[in-house]
Undergrad: 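Take this structure first; my questions come after.
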Amino acid sequence: MKYTDLVFDLYGTLVDIHTEETDLVWEKTALYFGFYGAHYTPGELKTAFQSALKQREAKAGQSYECYPDIPFEEIMAQLFREKGVSGGEALGVNAAQLFRICSIEYVKLYPGVREALARLRRDGYRLWLLSNAQRIFTAYELRHL
């Protein structure tokens, strides 16, 4: 039997990434929120984010591993709304992306990935990317890479 399709995961397979959600990341994100009138200290923002996330997970009625990640940008938008800021959806997307950018220590393709994928395509394989990663992050990271 000859295989015609190959499926790859993204992170840890094609892309090497390391993120750290440090205090500085929360500080910069809280500053962004404040620029739009949603004032949080970094600690308050982190706590509010974690609380909103836990509420969304509990509402799903299953353990965390049993369902996809809650969209990060939706939680950020909710935190803007809770402070009475309109336009929270767009701000939530931007805040999520800022948070991710600030948390990235590095993001790069593993050595030889481009060449290997090109060779597989040239050899007639159809290549697929299957990932449970958050679209708000991966779409831009893929464009960057």
Side-chain angles (χ1 to χ4, degrees), residues 3 5-122 125-145:
Y3 293 101
D5 293 56
L6 301 174
V7 180
F8 295 90
D9 189 15
L10 183 61
Y11 299 112
T13 303
L14 304 175
V15 174
D16 187 10
I17 188 168
H18 182 71
T19 61
E20 281 293 329
E21 297 177 2
T22 65
D23 290 344
L24 182 59
V25 173
W26 288 105
E27 181 181 326
K28 296 299 183 184
T29 307
L31 184 61
Y32 178 82
F33 270 77
F35 284 173
Y36 292 93
H39 297 283
Y40 291 94
T41 67
E44 289 169 342
L45 182 60
K46 182 178 181 179
T47 299
F49 181 88
Q50 291 171 338
S51 176
L53 183 62
K54 285 182 199 286
Q55 288 172 4
R56 294 280 299 269
E57 290 170 352
K59 187 176 179 183
Q62 298 174 341
S63 70
Y64 177 74
E65 291 80 15
C66 292
Y67 58 88
D69 286 343
I70 304 298
F72 204 92
E73 71 276 12
E74 290 180 12
I75 301 294
M76 293 296 199
Q78 176 183 333
L79 298 179
F80 276 107
R81 285 191 304 273
E82 287 176 3
K83 291 290 187 171
V85 175
S86 62
E89 282 65 36
L91 291 174
V93 167
N94 292 340
Q97 291 172 333
L98 172 72
F99 185 91
R100 177 66 164 206
I101 290 166
C102 290
S103 72
I104 292 174
E105 292 195 3
Y106 61 83
V107 59
K108 58 189 175 187
L109 293 174
Y110 282 108
V113 164
R114 285 185 199 277
E115 298 81 6
L117 294 176
R119 185 175 57 249
L120 291 168
R121 276 198 191 139
R122 192 173 52 248
Y125 291 99
R126 294 188 325 168
L127 307 179
W128 301 90
L129 177 65
L130 179 64
S131 181
N132 65 343
Q134 300 241 354
R135 178 185 306 251
I136 193 68
F137 303 144
T138 57
Y140 295 95
E141 291 165 7
L142 285 172
R143 187 177 300 135
H144 168 73
L145 294 168

Undergrad: Does the side chain of R56 come within less than 4.5 Å of E74's, by heavy atoms?
TA: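 Yes, close enough: below the 4.5 Å cut-off.
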Undergrad: Only counting residues at least two apart or in another chain, list the ones meeting ring pair (Phe, Tyr, Trp, His ring centres under 6.0 Å) with Y36.
TA: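 Scan of Y36 (ring pair (Phe, Tyr, Trp, His ring centres under 6.0 Å), adjacent residues dropped) gives Y32.
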Undergrad: Provide the full list of salt bridge (Lys or Arg N to Asp or Glu O under 4.0 Å) pairs with a residue in residues 31-41, sequence neighbours left out, each pair given once.
TA: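 Every candidate salt bridge (Lys or Arg N to Asp or Glu O under 4.0 Å) pair involving residues 31-41 fails, so no pair, neighbours aside, qualifies.
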Undergrad: Could you state the interatomic distance from CD (E73) to CD1 (I70), rounded to the nearest 0.5 Å?
TA: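 If I round to the nearest 0.5 Å, the distance is 11.0 Å.
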Undergrad: I need the minimum non-hydrogen distance between M76 and A96, along with the two atoms involved.
TA: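 Looks like CG-N, 4.1 Å.
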Undergrad: In terms of heavy-atom contacts, does NZ of K83 have more than 12 from other residues, nucleotides or ligands at under 6.0 Å?
TA: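 Counting neighbours around NZ of K83, more than 12 heavy atoms of other residues, nucleotides or ligands fall under 6.0 Å, so yes.
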Undergrad: Where is the tightest heavy-atom contact between T29 and V25, given as atom of each residue plus distance?
TA: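 Smallest heavy-atom distance, with atoms named: OG1-O, 2.8 Å.
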Undergrad: List for me each residue that meets side-chain hydrogen bond (donor to acceptor under 3.5 Å, both in side chains) alongside D5, sequence neighbours excluded, and say none if there are none.
TA: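 Partners of D5 by the side-chain hydrogen bond (donor to acceptor under 3.5 Å, both in side chains) criterion, ordered by chain and then number, come out as R126, W128.
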Undergrad: Can you pull out every side-chain hydrogen bond (donor to acceptor under 3.5 Å, both in side chains) where at least one residue sits in residues 17-27? Sequence neighbours excluded, please.
TA: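 Qualifying pairs, neighbours excluded: H18-E20.
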Undergrad: Under 3.5 Å, which donor-acceptor pairs do the side chains of residues 138-145 form with other protein atoms, sequence neighbours left out?
TA:
| from | atom 1 | to | atom 2 | distance (Å) |
| --- | --- | --- | --- | --- |
| T138 | OG1 | Q134 | O | 3.3 |
| E141 | OE1 | Y11 | OH | 2.2 |
| E141 | OE1 | R100 | NH2 | 3.2 |
| E141 | OE2 | R100 | NE | 2.6 |
| E141 | OE2 | R100 | NH2 | 3.3 |

Undergrad: Does the side-chain hydrogen bond (donor to acceptor under 3.5 Å, both in side chains) test come out yes or no for E82 and Q78, once each step is laid out?
TA: CA-CA 6 Å; E82 287 176 3; Q78 176 183 333; 2.9 Å; yes
Undergrad: More than 12 foreign heavy atoms under 6.0 Å from OH of Y3: is that the case here?
TA: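 Counting other residues, nucleotides and ligands, OH of Y3 stays at 12 neighbours or fewer.
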Undergrad: Could you pull out all residues at least two apart from R81 that satisfy salt bridge (Lys or Arg N to Asp or Glu O under 4.0 Å)?
TA: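 Result, salt bridge (Lys or Arg N to Asp or Glu O under 4.0 Å) vs R81: E89.
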Undergrad: Could you check D16 against V107 for side-chain contact (heavy atoms from CB on, under 4.5 Å), going step by step and ending with a plain yes or no?
TA: CA-CA 6 Å; D16 187 10; V107 59; over 6 Å; no
Undergrad: To the nearest 0.5 Å, what is the distance between CG on L98 and OG on S103?
TA: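 One finds 9.5 Å between CG of L98 and OG of S103.
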Undergrad: Test: salt bridge (Lys or Arg N to Asp or Glu O under 4.0 Å). Region: residues 101-118. Which pairs qualify, not counting sequence neighbours?
TA: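 Applying salt bridge (Lys or Arg N to Asp or Glu O under 4.0 Å) to every pair that reaches into residues 101-118, excluding sequence neighbours, yields nothing.
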Undergrad: Tell me, which pairs form a salt bridge (Lys or Arg N to Asp or Glu O under 4.0 Å) where one or both residues lie in residues 36-49, sequence neighbours left out?
TA: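 Residue pairs passing salt bridge (Lys or Arg N to Asp or Glu O under 4.0 Å), neighbours aside: none found.
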Undergrad: What pairs of residues pass the ring pair (Phe, Tyr, Trp, His ring centres under 6.0 Å) test when at least one of them lies in residues 75-95, not counting sequence neighbours?
TA: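 Those involving residues 75-95 are F33-F80.
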Undergrad: Please name all residues satisfying side chain to side chain contact (heavy atoms under 4.5 Å, CB included) with F8, sequence neighbours left out, ordered by chain then number.
TA: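 Partners of F8 under the side chain to side chain contact (heavy atoms under 4.5 Å, CB included) test: L6, T13, L14, L117, L120, L127.
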Undergrad: Only counting residues at least two apart or in another chain, list the ones meeting ring pair (Phe, Tyr, Trp, His ring centres under 6.0 Å) with F72.
TA: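 Expected list: F49, F99, F137.
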Undergrad: Once side-chain hydrogen bond (donor to acceptor under 3.5 Å, both in side chains) is applied, do any residues pair with Q55, and if so which ones, sequence neighbours excluded?
TA: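 None.
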